[in-house]
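Take a look at the structure set out below.
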Number of protein chains: 2
Amino acid sequence: MDAWMESGMESAVAPRLDRDASNCSIARTLEIVGEKWTILILREVWYGSFRFSDFERVLGCPRNLLAARLRMLVEQGILVTEAYKEPGSRSRPKYVITPKGMDLVPAVMGLLQWGDRYRAAPEGPTVLVRHRGCGARVEAQTRCDHGHHVQAHDMESVPGPACLPKPAQ
Amino acid sequence: MDAWMESGMESAVAPRLDRDASNCSIARTLEIVGEKWTILILREVWYGSFRFSDFERVLGCPRNLLAARLRMLVEQGILVTEAYKEPGSRSRPKYVITPKGMDLVPAVMGLLQWGDRYRAAPEGPTVLVRHRGCGARVEAQTRCDHGHHVQAHDMESVPGPACLPKPAQ
DNA sequence: AGGCTGAGTTTATTTTTATATACTCAGCTA
DNA sequence: TAGCTGAGTATATAAAAATAAACTCAGCCT
């Protein structure tokens, strides 16, 4: 256990450690998926939509924002466009999630789960996520590399290699 | 397996199912924590900050927005204020996370993890989250109730009890 | 050739955020 | 009792984001 963790520590990180708040993976993730509509677009992709017009219809999101968000997601490698063609129509782009996009699923599942727990409709959740193999309900969890299920209060956040002090002002 | 899942299904939800996109736990969660600064405030609480002035200094967020976001988080029961008193100062409010707030940790860990994987500084992550008991790295995962680790493509999303068709337009 | 459709782009307007500054208010300290 | 401090509130302005509606453009269909 690190020296600064000994004696009287209550909080997760050394108090007064003047981190640079923008040098943070959470902030960097939110720069990409934290704008309005982005997560909901990903939700729709995850639920099986892939057409521009589907996103627009289901989300009710303005077209220019939808175009901007899709452009961002493609630039960032979270979605890719493929061509698809329906009989009688010309070829159009199809938005498909990449492995990098798939890696956002735990975060989105976490949001879904919190909403199900605290803000669901009286009848229950709108969508159930199940394991395709065994049919059991899927849940976002936090676990350590030893396989223990870790509750929030059993975590400690320690400075990593890129933790630089905030430049003095 | 449900009838609509048979034959030719590729996407996670029955195609053309006209869900009402706003009747969604993800959307409802984002209504509360999806505004700018909110998740970053929670991150700071999680890292051990609790004073108004700490949030302001570390995040560089405007005071009026900070006050508005804290008010929202308290209204929603994600944070509570307690009184704390430093010697020589009068009693002041301290923002403390509730169990309801703790339940957002899996989602926030998911965001952290994605940023660590795809947008970290060259030196590595800024913060490491460890299990207080065994010291091992903590990770956000998706698992089913049978304990299987479930990848995104092994999930299926099926309509839940509150899945009403979108009202015809 | 003319119309239709999906996938956007453009432009104008409104709403949110951001920034900056001044102000309040309680209680500790000199 | 006057000043200082932390935790806000109030107000004004500027910048950014969201919304709404009209417009473009390619290619299929008649």
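Residue numbers start from 1 in every chain, and the chains themselves are labelled A, B, ... in the order their sequence lines are given, proteins ahead of strands. Fair warning: this is a prediction, and the values are worked out from it, not measured in the lab.
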Spacing of [X] atom [atom1] relative to [N] atom [atom2], expressed in whole Å:
X: A:Lys94; N: C:dA7; atom1: NZ; atom2: C1'; result: 17 Å
X: B:Arg63; N: C:dT24; atom1: CZ; atom2: P; result: 15 Å
X: B:Leu66; N: C:dT19; atom1: CG; atom2: P; result: 13 Å

Determine the contact category for B:Tyr95: base if any of its heavy atoms lies under 4.0 Å from a base atom, sugar-phosphate if only primed atoms, P, OP1 or OP2 are that close, otherwise nothing. sugar-phosphate
Just to verify, what does B:Arg71 make a side-chain hydrogen bond (donor to acceptor under 3.5 Å, both in side chains) with, not counting sequence neighbours?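 Partners of B:Arg71 by the side-chain hydrogen bond (donor to acceptor under 3.5 Å, both in side chains) criterion come out as none, since no residue qualifies.
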Given B:Arg51, B:Arg92, B:Lys94, the one that forms salt bridge (charged side-chain N to carboxylate O under 4.0 Å, His left out) with B:Glu86: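 Option passing the salt bridge (charged side-chain N to carboxylate O under 4.0 Å, His left out) with B:Glu86: B:Arg51.
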By nearest heavy atom, map A:Arg71 and A:Arg92 onto DNA chain C; which one lands nearer the 5' end? A:Arg92
Just to verify, what does [X] make a salt bridge (charged side-chain N to carboxylate O under 4.0 Å, His left out) with, not counting sequence neighbours?
X: A:Arg117; answer: B:Asp103
X: B:Arg63; answer: B:Glu56
X: A:Asp145; answer: B:Arg137
X: B:Arg90; answer: none

Per the ring-ring contact (aromatic ring centres under 6.0 Å, His included) rule, what does the pair list look like for residues 65-94 of chain A, sequence neighbours excluded?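 ring-ring contact (aromatic ring centres under 6.0 Å, His included) check on residues 65-94 of chain A returns A:Phe50-A:Tyr84.
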So the ring-ring contact (aromatic ring centres under 6.0 Å, His included) pairs with at least one residue in residues 99-130 of chain B (sequence neighbours excluded) are B:Trp114-B:Tyr118
Any side-chain to backbone donor/acceptor pair from A:Thr142 onto B:Glu139? Under 3.5 Å, distance only. no
Please list all pairs passing the side-chain hydrogen bond (donor to acceptor under 3.5 Å, both in side chains) test where one or both residues lie in residues 24-42 of chain A, with sequence neighbours left out. A:Asn23-A:Arg28, A:Ser25-B:Asp116, A:Glu31-B:Arg119
Find which nucleotide of DNA chain D each of A:Leu65 and B:Phe52 is nearest to by heavy atoms, and output the residue with the more 5' nucleotide. B:Phe52
What are the atom names and distances for every N/O pair under 3.5 Å that joins the protein to nucleotides 28-30 of chain C?
| residue | atom | partner | partner atom | Å |
| --- | --- | --- | --- | --- |
| C:dC28 | O3' | B:Gly88 | O | 2.8 |

First-last contacting nucleotides on DNA chain D - partner chain A, under 4.0 angstrom, heavy atom: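 So the contact region on DNA chain D extends D:dA18 to D:dC29.
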Please list, by residue number, the residues of residues 26-37 of chain B whose heavy atoms come closer than 4.0 Å to an atom of DNA chain D; answer none if no residue qualifies.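 Residues of residues 26-37 of chain B that come under 4.0 Å of DNA chain D do not exist, since none gets that close.
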Quick one: list whatever passes side-chain contact (heavy atoms from CB on, under 4.5 Å) with B:Asn64, sequence neighbours left out.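 Partners of B:Asn64 under the side-chain contact (heavy atoms from CB on, under 4.5 Å) test: B:Pro62.
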